[in-house]
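Everything below concerns the one structure shown next.
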Amino acid sequence: MSFSATIITLFPELFPGPLGASVLGRGLADSLWSLEAVQLRDFSTDRHRTVDDTPSGGGAGMVLKPDILAKAIDTVSPAGDPRPRLLMSPRGAPLTQARAHELAEGPGAVIVCGRFEGIDQRVIDNRGLEEISIGDYVLAGGEVAAMVLLEAVVRLIPGVLGSADSHADESFENGLLEYPQYTRPQSFEGTEIPAVLTSGDHGRIARWRAEQSQALTAARRPDLLKK
Ligand code: SAH
């Protein structure tokens with residue numbers, strides 16, 4: 001069984017979008033992973049296909065109704081579905097490379113995309129939705145956030161990116177930011193590639209890269225070193 005993603009959204013036509021391009025798109029075509037985007041409105045029961053209502057207690061905007069969303073979740077993910085149920089949410093735990101690895105090793109994910117002011121708290125509680133945030137800012141909806149999450153996860157699925165060890169040195173994999181990368185030409189606008197990288201001495205190259213990673217992380221993301 002390959003990684004299977006089901007998205008619950010008011011805008012299924014946005015998918016696969018960028019997830020259909022390049023290596024992720026090839027992985028999709030080759031069934032290394034699968035994607036299904038489901039229209040939340042299809043689970044509405046009234047003539048107007050209503051999915052939202054005004055916030056209890058007052059205030060601006062609209063809230064996604066719990067009954068419609070619960071029906072959608074129960075339909076796409078019946079009891080026994082081993083996939084985690086995620087809700088894209090600015091209140092969620094920040095997405096990390098570690099969580100991306102865990103998800104990539106699992107059976108897939110059911111991902112709920114919020115809109116408007118968000119969704120009724122009771123469906124979050126009663127369906128055990130895990131809230132995940134992609135950063136400390138507010139988007140208009142969960143769709144782009146779900147794409148960010150899936151792009152981070154799917155590129156880790158074996159076979160999608162090719163060589164498995166192409167991940168090992170990347171930013172966040174070892175709690176550090178990646179060292180600077182260079183490629184030809186040897187001289188670019190008067191600046192040479194650092195000599196160590198063309199020395200052929202693999203021990204020295206590894207040490208230089210480790211030092212650069214440490215220094216960059218200390219300068220830009222001291223919070224990562226504390227962890
Ligand atoms: N009123 C909410 C924000 C609603 S934004 C609040 O203040 O917390 C509408 C939807 O966009 C959310 O339900 C969520 O699905 C999505 N969204 C917005 N910002 C996000 C973020 N940083 N990470 C993940 N999803 C986000």
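Whatever order the structure lists them in is the order used to number ligands and atoms, beginning at 1. These numbers come from a predicted model, not from an experiment.
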Give, for atom [atom1] of [X] and atom [atom2] of [Y], the distance between the pair rounded to the nearest 0.5 Å.
X: S2; Y: I157; atom1: OG; atom2: CD1; answer: 7.5 Å
X: C113; Y: L40; atom1: SG; atom2: CG; answer: 10.0 Å
X: I132; Y: S89; atom1: CD1; atom2: OG; answer: 10.0 Å

Query raised in the report: Out of T9, V148, L95, I111, which residue meets the side chain to side chain contact (heavy atoms under 4.5 Å, CB included) rule with M88?
Result: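 Considering T9, V148, L95, I111, a side chain to side chain contact (heavy atoms under 4.5 Å, CB included) with M88 is found only for I111.
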
In ligand 1, which numbered atoms sit nearer than 4.0 Å to a non-hydrogen atom of [X]?
X: E117; answer: 1 (N), 2 (C), 4 (C)
X: G142; answer: 11 (O), 15 (O), 16 (C)
X: G118; answer: 13 (O)
X: I134; answer: 23 (N), 24 (C)
X: G114; answer: 10 (C), 13 (O), 15 (O)
X: A145; answer: 24 (C), 25 (N)
X: F116; answer: 4 (C), 5 (S), 9 (C)

To the nearest 0.1 Å, how far is [atom] from its closest protein heavy atom, and which atom is that?
atom: atom 14 (C) of ligand 1; result: M88 O, 3.0 Å
atom: atom 19 (N) of ligand 1; result: L139 N, 3.0 Å
atom: atom 7 (O) of ligand 1; result: P90 CG, 4.8 Å

Query raised in the report: So is I132 close enough to ligand 1, meaning a heavy atom under 4.0 angstrom away?
Result: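 True for this residue.
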
Report task. Please state whether A140 comes within less than 4.0 angstrom of ligand 1, counting heavy atoms only. Result ->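 Distance cut 4.0 Å: A140 passes for ligand 1.
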
Query raised in the report: Does the side chain of V123 reach to within under 4.5 Å of the side chain of L87, using non-hydrogen atoms?
Result: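 The answer is no, as the side chains (C-beta and beyond) never meet within the 4.5 Å cut-off.
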
Query raised in the report: Take atom CG in D125; do more than 12 heavy atoms of anything else shown fall under 6.0 Å from it?
Result: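 More than 12 within 6.0 Å, yes.
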
Report task. Flag the pair R127 and D74 as a salt bridge only when some basic side-chain nitrogen lies within less than 4.0 angstrom of an acidic carboxylate oxygen. Result ->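 Result for this pair is yes, salt bridge flagged.
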
Query raised in the report: Yes or no on side-chain hydrogen bond (donor to acceptor under 3.5 Å, both in side chains) for D46 and S44, after CA distance, side-chain angles and deciding distance?
Result: CA-CA 6 Å; D46 68 323; S44 177; 2.9 Å; yes

Query raised in the report: Stepwise, does the side-chain hydrogen bond (donor to acceptor under 3.5 Å, both in side chains) test hold for S77 with R83?
Result: CA-CA 8 Å; S77 180; R83 296 177 297 168; 4.8 Å; no

Requested in this report: Give yes if a backbone or side-chain nitrogen or oxygen of C113 is under 3.5 Å from a nitrogen or oxygen of ligand 1, and no if not.
Outcome: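 Among all N and O atoms of C113, none is under 3.5 Å from an N or O of ligand 1.
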
Query raised in the report: Hey, is atom 17 (N) of ligand 1 under 4.0 Å from any protein heavy atom?
Result: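 There is a protein heavy atom less than 4.0 Å from atom 17 (N) of ligand 1.
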
Query - Mode of S89 contact toward ligand 1 - side chain, backbone, both, neither (heavy atoms, under 4.0 Å) - result: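 Backbone only.
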
Ignoring hydrogens and angles, write down the donor-acceptor pairs under 3.5 Å from the side chains of residues 26-33, residues two or more places apart or on other chains.
unit_1 : atom_1 : unit_2 : atom_2 : d
W33    : NE1    : L24    : O      : 2.9

